[in-house]
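Each remark here refers to the structure printed beneath this line.
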Amino acid sequence: PSMNTKMWSSKMVQANIEKLKDAGYEFMEPASGDLACGTEGKGRLPAIEEILERMEDIFTSKDLTEETVLVTAGPTMEFIDPVRCITNRSSGKMGYAVAKMAKRRGADVTLITGPATIEFPRNDIDIVHVTTACQMRDAVMEHYKKAGVVIMTAAVADFRCREENCQKIKKKGDSNYMTLELEKNPDIIGELGKVKEQRIIVGFAAETENLLDNAKEKLKKKNLDIIVANDVAKAGIGFGSDNNEVMIIEKSGKAKQVPLLSKEEIANIILDSVKKALKNKKRIKEDWY
Ligand code: CTP
């Protein structure tokens, strides 16, 4: 409802809203700002995009209410010195879309994000902000135990500087070259693969060649249930784009080509595959007992 602030805050209106809520009606709080009558305050019609999001939330079937999902997103950033860093082109959009859709479908979601370039679109999700790969590793290890599903979309930097430079590195001598010594970062998903137990673990494979073979090898090596492969060299998809085109590969080797779609649509297709994997795991467990 949108109306003047005084009318909105009147006891009678609030009591009637409560009655309607009890009867099962959904309400959106009005937004604050300039009002039609020339005053300012709470009572504005919320942004149309927000109303649409809320409607999508209400009309989406809640098929993941029993699941706790941990999502990682964005790039990581490794410092060279106080002013320079090593990072990559990940925007965080794919991971944010996965977290948003999992929440929309009723899951309990925690998002661990590196320094992404976009704002997270919902405020009803637990968000853990990290910068470096080591921080992301620690956050994942702290949160994975309560999750039944872990989806690692993050583009983790594979290396960090071997030496910590607390001061800005200065140019030395006349050489046109300099060497940075790098040290391998922990393979977070690889570590998870070793302690996964009954969890479903989904990895992403960013490739520029031999997409299917490289992705299948990663799935096996890291003990994953599903790997989502995308060709990051292809124009119009991947890094920074709102769209993506992926291949979803299951542990059985079955691969599904997903055509060019929005990252939110892709996220839902990935979550459908997760649901299938959860069902299979449950069935195997029941057969075992
Ligand atoms: N990943 C991870 N920790 C790392 C590197 C990657 O957890 N240090 C995860 C990513 O989040 C992704 C998957 O592993 O889900 C594959 O990432 P990718 O960068 O494609 O593969 P790498 O294992 O880094 O192999 P390479 O860079 O040699 O292709």
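First listed ligand is number 1; within each ligand, the first listed atom is number 1. This is a predicted model, so every value here is computed, not measured.
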query: Within a radius of less than 6.0 Å around NZ of K6, do more than 12 heavy atoms belonging to other residues, nucleotides or ligands occur?
result: no

query: Near P186, which atoms of ligand 1 are under 4.0 Å from a heavy atom of that residue?
result: 3 (N), 4 (C), 8 (N)

query: For atom 7 (O) of ligand 1, which candidate among N88, I189, T72 provides the closest heavy atom?
result: I189

query: If you measure from the Lys or Arg side-chain nitrogens to the Asp or Glu carboxylate oxygens, is any gap between E56 and K100 under 4.0 Å?
result: no

- prompt: With a cut-off of 4.0 Å, which atoms of ligand 1 are near a heavy atom of K222?
  reply: 14 (O), 22 (P), 23 (O)

message: What I want to find out is whether D187 reaches K218 closely enough, with some N-O distance under 4.0 Å, to be called a salt bridge.
response: no

query: Could K93 and D242 be called an ion pair, given the rule that one side-chain N must be under 4.0 Å from one carboxylate O?
result: yes

query: Going by the order shown, which atoms of ligand 1 are within less than 4.0 Å of some heavy atom of G203?
result: 15 (O)

- prompt: For atom 17 (O) of ligand 1, which protein heavy atom lies nearest, and how many Å away is it?
  reply: F204 O, 3.5 Å

- prompt: Considering M136, K218, K184, which one's heavy-atom position lies nearest to atom 20 (O) of ligand 1?
  reply: K218

- request: Flag the pair E29 and K42 as a salt bridge only when some basic side-chain nitrogen lies within less than 4.0 angstrom of an acidic carboxylate oxygen.
  value: yes

- prompt: So with a 6.0 Å cut-off around NZ of K146, is the heavy-atom count from everything else above 12?
  reply: yes

query: With only distance considered, is V202 within less than 3.5 Å of ligand 1 through an N or O on each side?
result: no

field: Which of the ligand 1 atoms, numbered from 1, are nearer than 4.0 Å to a heavy atom of A206
entry: 20 (O)

statement: For A205, the atoms of ligand 1 under 4.0 Å from one of its heavy atoms are 20 (O)

message: As a quick check of understanding, evaluate side chain to side chain donor-acceptor pair (under 3.5 Å) for N268 and R104, giving each step before the final call.
response: CA-CA 10 Å; N268 267 328; R104 176 166 285 167; over 6 Å; no

task: Return a yes/no value for I188: is any of its N or O atoms, backbone included, closer than 3.5 angstrom to an N or O of ligand 1?
output: yes

- request: To the nearest 0.5 angstrom, please state how far the NZ atom of K254 sits from the CD1 atom of I248.
  value: 11.5 Å

message: Please compare D158, N185, L224 and report which has the shortest non-hydrogen distance to atom 27 (O) of ligand 1.
response: D158

Protein contact to atom 11 (O) of ligand 1 [nearest heavy atom, distance to 0.1 Å]: A154 O, 2.7 Å

